[in-house]
Student: 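Below is the structure I would like to discuss, written out as structure tokens.
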Amino acid sequence: MEEEYIRVINITIIGVISWGLIFILIRRIFANYSFDFSTRIVSTLHATIAVALATLSIQDWSCPVCPIASTSSLRQMETLAFSLSYMIYDLICSHFDQVISIDNAVHHSVCILGFVAGLFYIRCGSEMVAALWITEISSPFLHLREILKEIGYRDTDLNLAADVCFATIFSLARMVGGPYLVYVTISADNPILIKAMALGLQLVSAFWFYKILKMMRYKFIKRSILSNQKST
């Protein structure tokens, strides 16, 4: 057990440093773009790797969240430590931006606390890896839509397609898979802190879902107005 804790700590520390160095490198490469542009590229990289690692750590494909309330495997702990390092880096990095997002800070704080709790108890690995997969699967499209705007594709068909892909994947993952995972986590014999984190993350997801619905409604109304103007 002690060796596992040491490995998790090492992955986390090395990860935080590595993410910082990757950001500095990307910031220099894309110096003509905004601070947010570089952070979104790093975030996309993390989301892609995190989803891959979460997929590889599934123990039973007939039941991806099984075994429930069980001891975490080493691969699951390494996957969680990998994403914990990113969350810590991104929370620190966000304080250097000109605009601090309260929503993002709350989300990251909940995630960090959840990761730490899961790694400390060495339990709920299946549930937490599933949560990681659910929360990160839509992230590449989230960042793509903003990256496209900055490189000159605002209000284009490509940007709208990215918006639709993000909204669809987010809705299915967070509002279909999410509630099921919360139910499984809360009904199982898990530590109370893990249950609280699962519920807290779902509440944050529901809030963002509401904002996404408003965003998509605005997008389609704006698109309709622009189409009518062009036709006249």
Side-chain angles (χ1 to χ4, degrees), residues 43 46-48 50-73 76-77 79-80 82-84 86-87 90 101-121 123-143 145 162-220:
S43 297
H46 162 259
T48 304
V51 169
L53 290 175
T55 302
L56 291 172
S57 67
I58 294 175
Q59 298 183 24
D60 183 1
W61 280 97
S62 64
C63 178
V65 296
C66 297
I68 299 171
S70 62
T71 301
S72 303
S73 68
Q76 289 172 339
M77 293 181 67
T79 300
L80 296 176
F82 169 81
S83 283
L84 172 61
Y86 167 76
M87 289 295 173
D90 200 42
S101 172
I102 301 300
D103 296 349
N104 193 56
V106 171
H107 171 264
H108 279 39
S109 298
V110 172
C111 287
I112 289 171
L113 187 57
F115 282 137
V116 171
L119 291 169
F120 175 77
Y121 289 116
R123 290 186 61 187
C124 319
S126 299
E127 296 95 315
M128 295 193 67
V129 165
L132 177 63
W133 194 94
I134 286 173
T135 55
E136 293 298 338
I137 190 65
S138 61
S139 293
F141 294 97
L142 165 66
H143 301 306
R145 49 191 293 275
D163 286 334
V164 172
C165 287
F166 165 66
T168 302
I169 295 173
F170 182 98
S171 300
L172 290 174
R174 301 284 190 108
M175 303 311 295
V176 178
Y180 170 74
L181 183 58
V182 171
Y183 169 76
V184 169
T185 303
I186 292 178
S187 60
D189 184 23
N190 285 316
I192 187 65
L193 184 57
I194 298 295
K195 295 181 178 182
M197 290 303 100
L199 183 59
L201 187 60
Q202 184 58 44
L203 291 175
V204 172
S205 295
F207 172 70
W208 279 1
F209 177 67
Y210 168 73
K211 294 182 69 173
I212 289 169
L213 287 179
K214 291 181 64 177
M215 176 199 74
M216 293 308 299
R217 180 175 180 273
Y218 167 78
K219 288 277 184 178
F220 283 117

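The chain is numbered in sequence order, starting from 1.
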Student: Between CZ of Phe170 and CE of Met216, what distance do you get to the nearest 0.5 Å?
Tutor: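 The distance works out to 13.0 Å.
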Student: Indicate yes or no: at least one non-hydrogen side-chain atom of Asn190 is less than 4.5 angstrom from one of Tyr121.
Tutor: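 Not in contact.
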Student: Quick test of your reading: applying salt bridge (charged side-chain N to carboxylate O under 4.0 Å, His left out), list the pairs with at least one residue in residues 191-214, sequence neighbours left out, ordered by first then second residue.
Tutor: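 Output for this query lists Asp103-Lys211.
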Student: With side chain to side chain contact (heavy atoms under 4.5 Å, CB included) as the test, would you mind laying out the steps for Met128 and Met197 before giving the verdict?
Tutor: CA-CA 10 Å; Met128 295 193 67; Met197 290 303 100; over 6 Å; no
Student: How many angstroms lie between atom CG of Asp163 and atom OG1 of Thr168, to the nearest 0.5 angstrom?
Tutor: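 Reported to 0.5 Å precision, the distance equals 10.5 Å.
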Student: Do any pairs count as a ring-ring contact (aromatic ring centres under 6.0 Å, His included) and have a residue in residues 186-209, sequence neighbours left out, and if so which ones?
Tutor: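 Listed once each, the pairs are His107-Trp208.
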Student: Do Arg123 and Ile194 come close enough that some side-chain heavy atom pair is under 4.5 Å?
Tutor: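 They are not in side-chain contact.
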Student: Start with the C-alpha gap between Leu201 and Cys111, add the side-chain angles, then the distance that decides, and say whether side chain to side chain contact (heavy atoms under 4.5 Å, CB included) holds.
Tutor: CA-CA 8 Å; Leu201 187 60; Cys111 287; 4.1 Å; yes
Student: Does any part of the side chain of Thr55, heavy atoms only, come nearer than 4.5 Å to the side chain of Trp61, both counted from C-beta?
Tutor: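 When only atoms from C-beta onward are counted, Thr55 and Trp61 do touch, with a gap below 4.5 Å.
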Student: How long is the gap from CG on Asp60 to OG on Ser126, to the nearest 0.5 Å?
Tutor: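 Reported to 0.5 Å precision, the distance equals 9.0 Å.
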Student: In Å and rounded to the nearest 0.5 Å, what is the SG to CD1 distance from Cys66 to Ile58?
Tutor: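 It is 11.0 Å, given to the nearest 0.5 Å.
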Student: Taking side chain as C-beta onward, heavy atoms only, is Val164 less than 4.5 Å from Phe220?
Tutor: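 In short, these two side chains touch, coming nearer than 4.5 Å.
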Student: Verify whether one side chain among Tyr86 and Ser43 offers a donor that lies under 3.5 Å from an acceptor in the other.
Tutor: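 A donor-acceptor contact under 3.5 Å links the two side chains.
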Student: Could you list the donor-acceptor pairs under 3.5 angstrom formed by side chains in residues 172-185, with sequence neighbours left out?
Tutor:
unit_1, atom_1, unit_2, atom_2, d
Arg174, NH1, Ser205, OG, 2.8
Arg174, NH2, Thr135, O, 3.1
Thr185, OG1, Leu181, O, 2.8

Student: Are side-chain heavy atoms of Cys124 and Pro191 found at a separation under 4.5 Å?
Tutor: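 Yes - at least one pair of side-chain heavy atoms lies under 4.5 Å apart.
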